[in-house]
Each structure stands twice: as C-alpha cells, then as structure tokens.
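The structure that follows is given in the form of structure tokens.
Counting convention: from 1, in listed order, for ligands and their atoms alike. The shown structure was predicted, so the numbers you read here are calculated from the model rather than taken from an experiment.
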Amino acid sequence: MNFDLEDYLSARRAIVDRALERYLTKRPGVSESLWRAMRYGLFPGGKRIRPILTLAAGELFAAKQKELLPFACAVEMIHAYSLIHDDLPALDDDDLRRGLPTAHHVFGEGMALLAGDALLTEAFHLICGPATRSLQADLTLALIRELGRAAGADGLVGGQARDLEMEKTRVDIAMVESMHERKTGALILASLKIGARAGGARAADLKKITRYGQALGLAFQIADDILDVAGAGAALESGRKEAKKATYPAVAGVARANHRLRELRDRAVLSLSGYGGKAEPLRAMAVYVAQRALRGAATSQMQIQEMNG
Ligand code: IPE
Ligand code: IPE
Ligand code: MG
Ligand code: MG
C-alpha cells in the first residue's frame, strides 16, 4: 500500500486551517481581547486530529468536503475550548500548552474562560448557519445533536467532571476507561460518526465506524497519558494537579498501558477490514496515535523507575 500518512495529514491540516480562518472572521464590535484569546486557542493549533477524522470518515463514504468542513471545524473549536478550560487553575492548572503559555497566563483567567465559552458557542452557531445549508435539514439537525451530546454531560464535560472527582478517590481501570471514553472518546467518536453520516453511511457501516472510534478514542487518551508520564516528575515536584490524576499508566502501570494501547490500536484497525484501500487513512491514523506513545514508552519506563528510586 502506497499511502503516505504524513502527506495526508499535512494536506488535511492545511484544508482545516483555511476553513477555520474562513469561518472565524471577526465581526464588528467584538471585543478585541476576546477575539485574540479565541484565536490563541485555535492558531497555530495542534495536530487537528479530530477534524481530520471527520474528513477521513466522510471521504470513506464519498461525502463532499464542502459539507464536512463546517462540522470538522466545529469539532476543532470545541476541542480548542475544552483545552483552554482544561488548563485553567480550577482544573489542571497548566502553564504550557503546545509549548506556549496557556491562555489564562496570556489573557487572564476571566478572558480565557470567556474565550472557551465563545469557541463552544461559535461552533454551534457555525453548523446551524448557511455553511451547512446544502445538507438536508433533518440530517444537519441530527449531526448537531450528535455533537451536542458528545460535548455535554454525557460526553466531554461529564468526563472532565469524573476526572475531577477521581482526584479524590481510589479508582480502578474500569473507572479510568469509562472516564476516558467520555472526556476524550466521545468527541473523537462524534467526529467520525458525523463524517460518516454526512456521507450517508448505513447502520452497518456506522457500527464499524463506532467500533473503530471507540477503540481510537480510548487509545488516544491512554497514549496522551503515557506521553505525559515523561513530564510527571516535574509535576510532582511543583505539586501540580497533574500528579494526582487518575490515568491509565498511573493506575495500571506503563507496561499494561502499553499493552492496552496495542490492543486498542489492533481493534481499531481490524474494525475497518472490508473497506480495502479506501480506509487506509483511518487505519494509518490509529497506528499513528498508538505509535507516538509506544515510541516514547522505553523512556517513560526508565523515568518511572528513576522516580521510584
Ligand atoms: C489533547 O488533545 C487532549 C486530549 C484529549 C488528550 P490533542 O493531542 O488532540 O491536542 P492538540 O490539539 O493536537 O494539541
Ligand atoms: C484533556 O485531558 C481532555 C479534555 C480537554 C476534554 P488531559 O487533561 O489529560 O489532556 P492534556 O494532557 O491537558 O492535553
Ligand atoms: Mg485534564
Ligand atoms: Mg490537562
């Protein structure tokens, strides 16, 4: 198979970035600080994995890119809001995001909070508007509902609440996985299902995409937590909240986290058997998500041993 994931990701990232610029034009009278804080959360941005998943799932079912882009960008706006809020002192109290000072350090807590609120709200404003007019109204409504559920109490926000509660209690792996499914998995799954549904995927296809998305969503957070282990020493020293987090490697150990990650990667890849070369971008993305962390695994293990003396 001659598929180059790096090329694929950078081309899709450029498409998403251009669309975000297009959708997020400043309207007269909007507070300059609010506007700058909103843009700070979105640009230059990160990997753009979620909107790319929307595009890739849509492409699998021959959806039109023009119809996918507003949803893909709405998903990324929700992701950006969730990170601004996640970094606030009331939650993870983080100083850095993507190597830069977190939004509340640059704009103040109040403005960071509001920028998150605005990005979340603008996401829904976007997909309720003219950008999605070429899709059938009942389908658009169903996709908006799908995104609303994934972002809300049953999904991302509910998962963040569990994450917060779990700092104070003993937890087992099942609890950690269920929290991950919400805080990270729900939006990833919705990104995929929205793309597939916009392309008219049938129930049997949606089932496969769902199996893929559930495995990928959980894998994504476990990978993120394995990668974070490398920074855990610093967090422990400064007493920051990250040190108290219920994560898969913290509860089960890095070796089991790696094992689970490989298992989920394989499940994600397997759920797309039957689609042939058309599903290669999605398969390759699952492998990429896992490999990012598995490559760093040897280092993390060494650092944990060092931390344990
Ligand atoms: C980070 O998400 C937060 C998690 C849910 C693990 P990403 O790793 O997608 O963040 P960016 O947007 O690429 O920086
Ligand atoms: C972020 O989870 C998940 C959401 C924002 C919903 P984390 O707190 O584990 O992610 P990072 O490590 O800050 O990116
Ligand atoms: Mg967090
Ligand atoms: Mg965090």
Sorted by chain and residue number, the residues with a non-hydrogen atom under 4.0 Å of ligand 1 are Gly46, Lys47, Arg50, His79, Leu83, Arg98, Thr184, Phe220, Gln221, Asp224
Quick look: His85 vs ligand 2, heavy-atom contacts under 4.0 Å, and the answer is neither
Look at the aromatic rings of Phe61 and Tyr275 and report parallel, tilted or perpendicular, splitting at 30° and 60°.
-> perpendicular
Apart from Leu270 itself, its cluster of hydrophobic side chains linked below 4.5 Å comprises none
Residue set satisfying ring-ring contact (aromatic ring centres under 6.0 Å, His included) with Tyr23, at least two apart, ordered chain then number -> none
Checklist line | Any N, O or S atom of Asp92 closer than 2.8 Å to the Mg ion (ligand 4) | finding: yes
Check ion pair Lys278-Glu59 (N to O, under 4.0 angstrom): no
Side chain to side chain contact (heavy atoms under 4.5 Å, CB included) filter on Arg267, not counting sequence neighbours, yields Ala215, Arg260, Leu264
Worksheet item: Hey, is the Mg ion (ligand 4) within less than 2.8 Å of some N/O/S atom on Asp86?
Response: yes
On the six-membered ring of Tyr40, is Arg97 placed so that its NZ or CZ lies under 6.0 angstrom from the centre and within 45° of the ring axis?
no
_Side chains of His104 and Asp87, donor plus acceptor under 3.5 Å_ = no
If the threshold is 4.0 Å, N to carboxylate O, is there a salt bridge linking Arg39 and Glu21? yes
task: Would you check whether Asp92 has a nitrogen or oxygen atom less than 3.5 angstrom from a nitrogen or oxygen atom of ligand 2?
output: yes
